> 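Next up is a structure, given as structure tokens.
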There are 2 protein chains.
Amino acid sequence: MSEKLSRAETADARRKHIVETAAICFVEQGFHQTGIRDIAKRAGVSLGNIYNHFGGKTELIAEIATLEAEELAELQEGLTTNTDPLAALETFVERYLKLCSQPENAALTIEILAEAMRNPVIVEGFLTNRDSLLLALEDQIAAIRKLSGGNPDIPDRDCAKFTLDLIEGLSMRIAFSERKPSKRELNSLKRAVKRLV
Amino acid sequence: MSEKLSRAETADARRKHIVETAAICFVEQGFHQTGIRDIAKRAGVSLGNIYNHFGGKTELIAEIATLEAEELAELQEGLTTNTDPLAALETFVERYLKLCSQPENAALTIEILAEAMRNPVIVEGFLTNRDSLLLALEDQIAAIRKLSGGNPDIPDRDCAKFTLDLIEGLSMRIAFSERKPSKRELNSLKRAVKRLV
DNA sequence: AGATTATGAGCGAACGATCGTTCATTATGT
DNA sequence: ACATAATGAACGATCGTTCGCTCATAATCT
């Protein structure tokens, strides 16, 4: 059944497997409490071989930070729709909450944030993707406001930032207590966002 | 000018000095990239002497986490006033924003958060003080709502949490770019909070 | 085609550095 | 004198990384 894999294919698969295993280790123990040996052992790979696929620990961390940032890009695509913009915003809130409130994602995000505080490379990748998401959200809010015709006293961009703040804050609370968002929490969140726009 | 200090006093001062130095190191390098030797060298203290004042690195981290948590307690006291509750809320927003947006505090908070993800002792101290602050803020919001007489569709407690989320989110953005909050940002924040209550 | 060379994945011992911690010893205030 | 603050060498463990090596595959040549 299984095709015979070429050398490049198995190498890519191996590399991917190492990254995924490293991510698990980092979530469980944090970047700097995870040794290369931990990753190698858990991935079923020799210690030295990791250095055949990655330049070093720093490169591994950077790669995982990039992967995490790219998850946001997927969310962003589903944002701009032609239908009711308010409904689209609501589904975005739900999707972003669901993503952020997964404990593994939350843990990794905090770890990346701590790392970004000292590593300019990581902070750049983090901010770039975030700004992109922010811009899309800003447009969405502008569209909603144009329809409702109000005269909001909070700039679109600030409003977009606040919206993400609300979702992320709730996400942290949920992730920390390792539960699912309750109906009440989700409703409160949606109402809060609606009040902002 | 300087009084002659008793032995116990110098010991306490020394201890305090070590804690403060450790905090600086932790902010700059993170908990797990800071060695005891780094702290000792920077504090002008011998390596072994640190273990005369602290049980070990873990204890040092826990102590700093506690100190950081206790900073919230001070804020909380100024919250409940008999005068205009809405004005009191506004000054709270300003004060909390000012506190959280200091880069050292922000960095330490993230570090503590990451640590709390794996250390139950730290997560407890963190949540305890935060719940206390949250309760005070909840009461404040309840008082405001009673005056305005509206029928809010967001529970007081959720509203309090969201308020902290907004302040903390903006704080992170400010701390990350190492600047002061602009007038526009502060105004947007206040307006957003007002919309929530 | 078959033979030959080049490539790089995979391995684990070994390296030097650094880690948190302990300990015997000295200095100092009471 | 006694208790304790202060010291830095020393310990074992672990860190990230490098090393020489094997071997299956890919590329090149005849």
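Chain A is the first sequence line, chain B the second, and so forth, proteins listed ahead of strands; every chain is numbered from 1. These figures come from a predicted structure and were not determined experimentally.
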> Toward the 5' end of DNA chain C, which comes first, A:Ala11 or B:Phe31, by nearest nucleotide?
A:Ala11
> With sequence neighbours left out, what residues match A:Gln140 under side chain to side chain donor-acceptor pair (under 3.5 Å)?
none
> Tabulate protein N/O versus nucleotide N/O from nucleotides 3-6 of chain C, keeping only pairs under 3.5 Å, one per line.
none

> State, yes or no, whether a side-chain contact exists between A:Leu127 and A:Val123 at a heavy-atom distance under 4.5 Å.
yes
> Got a sec? Which of residues 15-29 of chain A come in under 4.0 Å of DNA chain C, heavy atoms?
none
> In this structure, how many angstroms lie between the P atom of C:dT21 and the OH atom of B:Tyr51, rounded?
4 Å
> Per the salt bridge (Lys or Arg N to Asp or Glu O under 4.0 Å) rule, what does the pair list look like for residues 32-42 of chain A, sequence neighbours excluded?
A:Glu28-A:Arg42
> Any side-chain hydrogen bond (donor to acceptor under 3.5 Å, both in side chains) involving residues 110-128 of chain A? Give me the pairs, sequence neighbours left out, ordered by first then second residue.
A:His32-A:Glu115, A:Glu111-B:Arg118, A:Arg118-B:Glu111
> Hey, is the main chain of A:Glu138 close enough, under 3.5 Å, to the side chain of A:Arg157 for a donor-acceptor pair?
no
> Between C:dA9 atom P and A:Leu5 atom CG, what is the distance in whole Å?
15 Å
> Considering residues at least two apart in sequence or located in another chain, which fulfil the side chain to side chain donor-acceptor pair (under 3.5 Å) criterion with B:Ser188?
A:Asp158
> In whole Å, what is the span from the CD atom of B:Glu9 to the C1' atom of D:dT4?
16 Å
> A:Ile39 CD1 to D:dT17 P: how many Å, rounded?
11 Å
> Looking at D:dA6, I'd like to know if its phosphate oxygens (OP1 or OP2) sit under 4.0 Å from a side-chain N or O belonging to B:Ser46.
no
> Output a table of donor-acceptor pairs, distance under 3.5 Å, between side-chain atoms of residues 189-197 of chain B and any protein atom two or more places apart or on a different chain; print 'none' if there are none.
from     : atom 1 : to       : atom 2 : distance (Å)
B:Lys190 : NZ     : B:Glu94  : OE2    : 2.5
B:Arg191 : NH1    : A:Asp153 : O      : 2.9
B:Lys194 : NZ     : B:Glu90  : OE2    : 3.3
B:Arg195 : NH1    : A:Arg195 : O      : 2.9
B:Arg195 : NH1    : A:Leu196 : O      : 2.8
B:Arg195 : NH2    : A:Asp153 : OD1    : 2.6

> So, using salt bridge (Lys or Arg N to Asp or Glu O under 4.0 Å) as the criterion, who are the partners of A:Arg145 when residues are at least two apart?
A:Asp156
> In chain order, what residues pass the side chain to side chain donor-acceptor pair (under 3.5 Å) check against A:Arg130, with sequence neighbours excluded?
A:Glu168
> Quick one: side-chain hydrogen bond (donor to acceptor under 3.5 Å, both in side chains) pairs with a partner in residues 43-61 of chain A, sequence neighbours left out?
A:Asn49-A:Asn52
> For residues 70-81 of chain B, which residue pairs pass the salt bridge (Lys or Arg N to Asp or Glu O under 4.0 Å) check, not counting sequence neighbours?
none
> Go through the N and O atoms of the side chain of A:Asn49 and the base of C:dA9, and report whether any donor-acceptor pair is under 3.5 Å.
no
> With no angle test and no hydrogens, is the base of C:dG8 tied to the side chain of A:Asn52 by a donor-acceptor pair under 3.5 Å?
no
> Please list each protein N or O that sits under 3.5 Å from an N or O in nucleotides 14-19 of chain C, with the distance.
from   : atom 1 : to      : atom 2 : distance (Å)
C:dA14 : N6     : A:Arg37 : NH2    : 3.3

